[in-house]
Amino acid sequence: MIALATTVPTRTPSTLANAGLHADATQGAKLIALTFDDGPKPYVLMGTRTGKGVSSSSLLSLLDQQDVKATFFVMGWRLSKNADAKCRQDDGGVCREAAEEEHRRGHEIENHTYGHGDFRLMVKRYGEEWVLNDIERASTIIQSITGVKPSYLRPPDWTIWPELQKKIEARGYHLMTRSRDVPPALRDVDSEDYFCAGRSLAKCPKPSDYDYVLRNIAQRERQGVEQHILVFHELPQSVELLSRLIPELKQRGYSFVTLRKYMAEVSPSSSGTR
Ligand SMILES: [Zn+2]
């Protein structure tokens, strides 16, 4: 007790007692922000069927059943009226309506740009201003559905560099990143689910993506990290994966929250809610 008092001489006895009692409740919380890129895709969200006959279980139903609120990083173009025909044909419904449903069910919608063009390529081709406009264009159309301007931006394939990052941040966005420059709890954890869909499955984690995600989390836990931002895509395979993963992670003591809530708890300074 004496040793404790001398090592923390600036704290008053009451704050010392609080620190000891609660040990900072939020720091200790096992928290997961589930995020989904590249949608909205009606057949995955609602459980319909694409023009090519590809079907999926409903991701939104799964999240409802599990009482989980997630965060969707959508492509802005999908929300425009011009996308309706393509969305009906390729993705089994009107993408904008699927986004409205996400919002209605309490999920968060954030920015994955309008056109999903690679930043390096787009800057080379059209200049920096074009990329910044592409981001704003996505925010405007998302806000028309949610009433809220997105606070978070995940660049396509995480491609970014400091100069452009600063300009995006100056416009009020927090950038999602896999970079080791940020603390682990603020780093995106890539599920690599996109390797487990489509024709070539060679890169799909072995023995399974389920195992891979759990292994990743276990590894982070060994480093004392119990908060994770998990990145998935709107894919039928990911719905199946999460139907097993969510109950398992709940059993391990994790709570699932939207990204805004996650940031407010894990990193109040970058939560964008101030
Ligand atoms: Zn993407």
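Starting from 1, each residue takes its place in the sequence as its number. Order of listing sets the numbers, starting from 1, for every ligand and every atom in it.
At least one N/O/S atom of D38, from backbone or side chain, sits under 2.8 Å from the Zn ion (ligand 1). The Zn ion (ligand 1) does not have H233 among its coordinating residues (no N/O/S atom, backbone or side chain, under 2.8 Å).
With respect to the Zn ion (ligand 1), H116 has NE2 as its nearest N, O or S atom. Distances from the Zn ion (ligand 1) to each N, O or S atom of H112 single out NE2 as the nearest.
The one candidate from F73, Y194, F36 that meets the ring-ring contact (aromatic ring centres under 6.0 Å, His included) condition with H233 is Y194.
Remark: aromatic rings of H103 and H107 are distant, center separation not under 6.0 Å.
For the pair R49 and Y43, the cation-pi criterion (under 6.0 Å, within 45° of the ring axis) is not fulfilled.
Between D91 and R78, at least one side-chain N (NZ, or NE/NH1/NH2) sits under 4.0 Å from a carboxylate O, which counts as a salt bridge.
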